[in-house]
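The next block holds one structure in the form of C-alpha cells; read it before the comments.
In what follows, every heavy atom counts, from backbone to side chain, and hydrogens, waters and symmetry copies are set aside. Because the structure is predicted, anything quoted here is derived from the model rather than measured.
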Amino acid sequence: MKIKSTARLLGITTVALLALTGCAGTTQSEGDGAAETVEIRLSLNQTEEHPNYLALTSFADEVREKTDGRVDVQIFPNAVLGAQQESVQLVGSGAVDAASISGTQMNNLNEDFAVLDMPLVFDSEAHQMKAINDPTITGELFKSLESSNKLTIVGAYTQGARSVYNSQNAVETPADLAGVKVRVQESELHVSMLTAMGGSPAPMAFGEVYTALQSGVIDGAENNSVSYVTEKHYEVAPYFSYTRHLIGADFLVLNSDVFNSLSDEDQQIVSTAFLNSVDEFMSIWDAQSAEAVKTAEAAGSTFNEVDADAFRAVLEPMVDDVLDTDDKKALYDAIRAAA
C-alpha cells in the first residue's frame, strides 16, 4: 500500500484548539477511589440536525453507559474544531481526539482509500455499509494509518448517493455540465470525476459552499439530498439532478494514542457501540432523505432523473485508472463480491 505522510499541522488554529480541546483529557469522578474519565472530543462538520450528529450522540451515550462513565465522548458539530482537512491533521497530532472524516481526506493519506471513494464501486448504501464495516475486507486498509498517521478508524457511516445540484439549469447529460463550476471535495480523485462528468471542478471546504453559491463564485455542488437541505443549499441552487455518481462515506477516526490508552474492554465497547449506531443512522438517513426532498420542493427546488447510461459511460474509465495496483484490485474485488 502507498502511504502518504500527514501534512504539517495548520498553525493558525492549533493554539486555540489545544486550549479548547486538550488531548483526551482525564477527570477524576466523584467519590474516593473512583476511576478517571477519559474525555474524547469529537469534531464534526455537520449540523445538529444531520443523521451523523444524531447517530453519534447515540454512540456516545452507549459508550458512556457501557463503560460506567470511564469514557465520555463529547461531540462538537458545525466544524467548530476545524474543517475536514484540518481535523485529519489535528486528530493525527493529538490536538483533537476524534473526528468524523470524509473518505476524500483519507485518500490523501493512503491512495488505497480511493477504492472506497470512487464511482461505481458500491451498488447501494446497504452494500457499502456491509463492505466498509467488515474487517475481513477493510481491516488491513484501516490499520495502515495507525503507525504512519496515528489514526485509528472505528467504522463508517454512508454519505448516501451523491448527485449534482446547481443554480443554472437541470442536468440530464454530461453535456449539460459544460461550463458549470461545481464545488467538489478537496481530492484529486473528485476533481478528475467532475471533469469526466463534463463540469468545471472547484475544490473547497464544505463550510464555504453556501456563501460561494450565493455570491456566484461557484454555480453548483455535489452532495446528497440530506446535506442539500440541512446546509440550506437548496436556497441558492434549486436544480437537483440525480446523477448518483458516487456513494461516499464518513469515517469515525480516533487518535491512535488515545484509542490505545483505553483498556481492551473499553476499546471493544467503543467499536461495538459504533457498529450498533450504524443501524440507527441508516434508519434516520432514510427518513431524512425522503423528508429533505419534500422540504426542498416546497421551497421551489426541482429534482430530475438523468441519463444514467451517459454518466456511467464517462465514469467507467475511472475504475481502471484507480485500480493501478494489486492491493487496490484485491480490495475492489472483495467489495464487489460482497454486493
Under a 4.5 Å cut-off applied to non-hydrogen side-chain atoms, are [X] and [Y] in contact?
X	Y	answer
Val38	Asp72	no
Ile137	Leu331	yes
Glu140	Asp327	no
Phe303	Val293	yes
Phe259	Ser271	yes
Asn223	Tyr228	no
Gln74	Ile40	no
Thr195	Met197	no

Identify the two heavy atoms, one from [X] and one from [Y], that lie closest to each other, and give their separation to 0.1 Å.
X	Y	result
Ser225	Ser289	OG-O, 3.7 Å
Val236	Ser167	O-CB, 3.4 Å
Leu194	Pro201	CD1-N, 3.8 Å
Leu151	Val91	CD2-CG1, 3.6 Å
Pro51	Gln288	CD-OE1, 3.1 Å
Thr57	Ile75	N-CD1, 3.5 Å

Pairing donors with acceptors under 3.5 angstrom, does anything connect the side chains of [X] and [Y]?
X	Y	value
Asn304	Ser241	yes
Thr136	Asp134	yes
His190	Asp117	yes
Gln268	Thr272	yes
Asp250	Gln159	yes
Ser58	Glu280	yes
Glu49	Thr230	no

Quick one: do Ile132 and Val319 end up in the same hydrophobic cluster if we chain Ile, Leu, Val, Met, Phe, Trp and Tyr together by side-chain heavy atoms under 4.5 Å apart?
-> yes
Hydrophobic cluster identity match, Val164 and Val217, side-chain contacts under 4.5 Å | no
NZ/NE/NH1/NH2 to OD/OE distance under 4.0 Å, [X] and [Y]:
X	Y	result
Lys328	Asp324	yes
Asp61	Arg64	yes
Glu125	Lys130	no

With distance as the sole test, does [X] use its side chain to make a donor-acceptor pair with the main-chain N or O of [Y] at under 3.5 Å?
X	Y	answer
Asp97	Arg41	yes
Ser301	Glu297	no
Ser144	Leu141	yes
Arg70	Thr67	yes
Gln128	Ile247	yes
Ser93	Leu90	yes
Thr104	Ser187	no
Asn78	Val80	no

Side chain to side chain contact (heavy atoms under 4.5 Å, CB included) between Ser192 and Met318: does it pass, once the steps are laid out?
-> CA-CA 8 Å; Ser192 298; Met318 289 192 65; 4.3 Å; yes
Listed by chain and number, what are the ring pair (Phe, Tyr, Trp, His ring centres under 6.0 Å) partners of [X], not counting sequence neighbours?
X	value
Phe281	Tyr157, Trp285
Phe142	Phe251
His233	Tyr165

Assess whether ring pair (Phe, Tyr, Trp, His ring centres under 6.0 Å) is satisfied between Tyr234 and Phe240, documenting all intermediate values.
-> CA-CA 8 Å; Tyr234 66 93; Phe240 191 105; over 10 Å; no
Nearest 0.5 Å please: distance from the CD atom of Glu65 over to the CD1 atom of Ile269.
-> 10.0 Å
Hey, what do you get for OH (Tyr242) to OG (Ser163), rounding to the nearest 0.5 Å?
-> 7.5 Å
Test Val71 against Thr37 for side chain to side chain contact (heavy atoms under 4.5 Å, CB included), laying out the working first.
-> CA-CA 6 Å; Val71 182; Thr37 296; over 6 Å; no
For Phe206, which of Glu186, Gln185, Arg183 qualifies under side chain to side chain contact (heavy atoms under 4.5 Å, CB included)?
-> Arg183
Evaluate the criterion salt bridge (Lys or Arg N to Asp or Glu O under 4.0 Å) for residue pair Arg244 and Glu222; output intermediate values, then yes/no.
-> CA-CA 9 Å; Arg244 300 185 182 93; Glu222 54 83 44; over 6 Å; no
Contacts of type side chain to side chain contact (heavy atoms under 4.5 Å, CB included), residue Asp257, not counting sequence neighbours | Lys150, Asn255
Which is it for Val182 and Asp219 under the side chain to side chain contact (heavy atoms under 4.5 Å, CB included) test, yes or no, and what are the steps along the way?
-> CA-CA 6 Å; Val182 179; Asp219 304 308; 5.9 Å; no
Asp266/Lys66 under salt bridge (Lys or Arg N to Asp or Glu O under 4.0 Å): CA gap, chis, key distance, verdict | CA-CA 8 Å; Asp266 287 348; Lys66 295 291 179 63; over 6 Å; no
Do Ile101 and Met106 pass the side chain to side chain contact (heavy atoms under 4.5 Å, CB included) test, and can you show the C-alpha distance, the side-chain angles, and the key distance before you say yes or no?
-> CA-CA 8 Å; Ile101 303 295; Met106 312 309 291; 3.7 Å; yes
What residues, two or more places apart in sequence or in another chain, satisfy salt bridge (Lys or Arg N to Asp or Glu O under 4.0 Å) together with Glu231?
-> none
By salt bridge (Lys or Arg N to Asp or Glu O under 4.0 Å) - contacts of Asp286 (at least two apart) | none
